[in-house]
Amino acid sequence: MELLIKDVTNKEHVGKAVTLRGFISNIRKGKNNIFFMLRDPSGVIQCVSHFNEKAFPEVEKLTRESSILVKGNLKEDSRAEGGYEITIEELEVYGLAEPFPIKKGHKKVFLFDNRHLWMRSRRVTAIMKIRSTVFEGIHEFFVKNGFYEIQSPSFVGGSVEGGSTLFEINYFDKKAYLSQSWQLYAEAMVNSLWKIYTVAPSFRAENSRTWRHLTEFWHAETEVAFMDLNGIIELEEGLIKHIVKNVLIKNQAELTLLKRDQTILKNVVENPFLRMSYESVIDLANKNGLKLEYGADLGADEERVITSKLNVPLFAMNYPTKLKPFYHKPDPKDPTHVLCNDLLAPEGYGEIIGGGQRVDDKETLIKRIKEEGLNPNDYNWYVDLRRYGAIPHSGFGLGVDRLVMWICKLPHIMYATPFPRTPRRIYP
Ligand code: 4AD
Ligand code: MG
């Protein structure tokens, strides 16, 4: 059986021969010995070769980031990171590395230019492990609650989230776009399956260049038949609590390596989220020093101020109709507002989810499509869903990269994504 560093660093293996594969970091060559750290997905372990004991010409040639197999005797060593050390007895080199370009203190642009190599760093590895737990948690939550996973196309004929962020592409002799959201298709599929979800990339030609926008991001979306705004809010809260709880259980080592203060993550699991109307959120923003009027849209800067002192997420509900896309259901009690919610993450991070209840009658839908300056003929199939047995239904979309950014408390969404796509970056 293949063993990893985490499997052998225990009393049971002390004094025995262990075999490990990995990459070399922190290599130190002395007159009489060579020390280096061997790194695999599970951690690091110190390896040493004393020249007087056994001659290894290969050891002397080793360089940082070379890939090797080592066999040697495991012993405890309180001075070594992790508390163990291997005395090398056999060595096989898979690939001898050229001088590695990444050193301490590089600037962000250089690091992202070398993302393919930087991936190996322990910090990036820790973030990607947490990201993996987040994706696992999403699937686990929906499967556990009886949802079907179902997909929509990435090539589409029209917008969901407004024309300004549509990526236009040549689709043979026609214009087409990359999907901004699976939602419109979900509203068709929900009529047969009733509880559905997907995890897929969405695309936005965002030119805003903020710390929280990618042009391609991972979108976890759900749609539920016969559910209203309150129901969908409870589902959102359940999902986020489940994910954060999983990360706290499975990723203690990674959160520690990232020096993440876990107080707020624990709060999120244990306490109810806040709920406020859009107007109360504007009041809160103004109490914190902003000067917003009712009707103002909330962007990254405003949400940073609103959420920076919170210690649980906040549901901002019932926005003015003109701030939201055509598919949101106007509140029957006040049609100037829609039955929607944005879930804002604490610690300044802001929106991680957008969702709500959908328009379920044909006339309102056509009116709202026209009000947005769109052509109802482009949405014929979507309007059909209101012609043949419309039902109340709700859904939401979670920006998974944004959630990872907040859980890891990263300064920019690019750090949360393996190979980020932004207006300026499509390499590597
Ligand atoms: O709020 P949005 O635009 O809502 C929708 O797309 C709905 N159709 C979803 C639905 O109801 N099925 O996007 C949902 C979430 C946002 O809250 C945000 O977290 C994330 O997707 N998001 C982005 N993440 C990274 N980069 C971008 N450019 C993003 N745009 C949206
Ligand atoms: Mg939104």
Side-chain angles (χ1 to χ4, degrees), residues 131 134 138 142 147 150-152 156 158-167 177-190 196-224 227 229 232-233 235-236 239-240 243 278 297-300 302-303 307 313-317 319 323-329 338-345 349-359 372 382 393-407 410 412-417 420-423 425:
R131 187 179 162 98
V134 169
I138 293 168
F142 284 116
F147 283 68
I150 188 164
Q151 295 75 30
S152 70
V156 296
S159 82
V160 194
E161 297 299 327
S164 67
T165 62
L166 268 181
F167 261 117
Y177 309 97
L178 294 178
S179 171
Q180 297 167 306
S181 161
W182 84 321
Q183 183 191 322
L184 303 191
Y185 295 93
E187 290 185 59
M189 301 184 289
V190 80
I196 57 176
Y197 82 101
T198 204
V199 186
S202 281
F203 304 90
R204 310 260 170 117
E206 303 273 4
N207 237 330
S208 35
R209 296 205 181 130
T210 71
W211 50 270
R212 65 178 197 177
H213 285 97
L214 295 167
T215 52
E216 176 176 355
F217 67 96
W218 279 82
H219 209 170
E221 297 184 84
T222 182
E223 200 69 28
V224 191
M227 188 169 263
L229 177 63
I232 208 70
I233 283 179
L235 194 70
E236 290 171 33
L239 173 65
I240 298 301
I243 294 170
Y278 162 85
D297 205 356
L298 301 174
E302 292 78 21
E303 289 178 5
T307 63
L314 162 68
F315 287 108
M317 299 160 65
Y319 281 61
L323 294 181
K324 290 289 175 185
F326 60 84
Y327 55 74
H328 288 286
K329 184 179 171 75
V338 285
L339 298 174
C340 72
N341 79 88
D342 278 6
L343 180 61
L344 312 184
Y349 282 92
E351 182 185 346
I352 51 171
I353 289 182
Q357 194 167 337
R358 318 307 193 188
V359 176
E372 271 200 30
Y382 184 66
H393 60 290
S394 301
F396 67 82
L398 161 70
V400 188
D401 315 273
R402 281 195 191 175
L403 177 61
V404 174
M405 166 172 65
W406 162 56
I407 289 178
L410 305 172
H412 197 293
I413 194 168
M414 288 169 74
Y415 294 95
T417 311
R421 293 291 171 254
T422 68
R425 182 167 295 283

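Order of appearance sets the numbers: ligands from 1, and atoms from 1 within every ligand.
- Among Met405, Glu161, Glu351, His219, the residue whose heavy atom lies closest to atom 16 (C) of ligand 1 is Glu351.
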message: Using side-chain contact (heavy atoms from CB on, under 4.5 Å), reason through Glu302 and Asp297 one step at a time and then give a plain yes or no.
response: CA-CA 9 Å; Glu302 292 78 21; Asp297 205 356; over 6 Å; no
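- In terms of polar-atom proximity, defined here as any N/O pair under 3.5 Å, Thr222 makes no such contact with ligand 1.
- Taking a cut-off of under 4.0 Å to the non-hydrogen atoms of Ile353, the atoms of ligand 1 that pass are 17 (O).
- Listed by number with element, the atoms of ligand 1 under 4.0 angstrom from any heavy atom of Ile413 are 25 (C).
- Heavy-atom contacts of Gly399 reach the following atoms of ligand 1: 15 (C), 19 (O), 20 (C), 21 (O) (cutoff under 4.0 Å).
- Between the side chain of Thr222 and the main chain of Gly395, no donor-acceptor pair closer than 3.5 Å is present.
- The shortest distance between side-chain heavy atoms of Ile353 and Phe315 does not fall below 4.5 Å.
- Counting heavy atoms only, Arg204 comes closest to atom 2 (P) of ligand 1 of the residues Arg204, Gln183, Glu187, Gln180.
- Neither the backbone nor the side chain of Arg421 comes within 4.0 Å of ligand 1, counting heavy atoms alone.
- Within the structure, the closest approach of Arg358 to ligand 1 falls below 4.0 Å when heavy atoms are considered.
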field: Leu184 vs Val156, side-chain contact (heavy atoms from CB on, under 4.5 Å): CA-CA, chis, key distance, verdict
entry: CA-CA 10 Å; Leu184 303 191; Val156 296; over 6 Å; no
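- Close to ligand 1: Arg212, with a non-hydrogen atom less than 4.0 angstrom away.
- Heavy atoms of Asp401 come nearer than 4.0 angstrom to ligand 1 in no pair at all.
- In Phe396, the part holding a heavy atom less than 4.0 Å from any atom of ligand 1 is the backbone.
- Contacts with ligand 1 closer than 4.0 Å are made by side-chain heavy atoms of Arg402 only, the backbone lying farther away.
- Looking only at distances, no side-chain donor or acceptor of Thr215 sits under 3.5 Å from a matching main-chain atom of Pro423.
- Glu351 contributes atom OE2 as its closest N/O/S atom to the Mg ion (ligand 2).
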message: Assess the residue pair Arg421 and Asp401 against the criterion (salt bridge (charged side-chain N to carboxylate O under 4.0 Å, His left out)); give the C-alpha distance rounded to whole Å, side-chain angles, the decisive distance to 0.1 Å, and a yes or no.
response: CA-CA 12 Å; Arg421 293 291 171 254; Asp401 315 273; over 6 Å; no
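- Every atom of ligand 1 is numbered from 1 in the order shown, and the set under 4.0 Å from a heavy atom of Gly397 is 9 (C), 10 (C), 11 (O), 12 (N), 14 (C), 15 (C).
- Near Glu206, meaning under 4.0 Å from one of its heavy atoms, ligand 1 places the atoms 28 (N), 30 (N).
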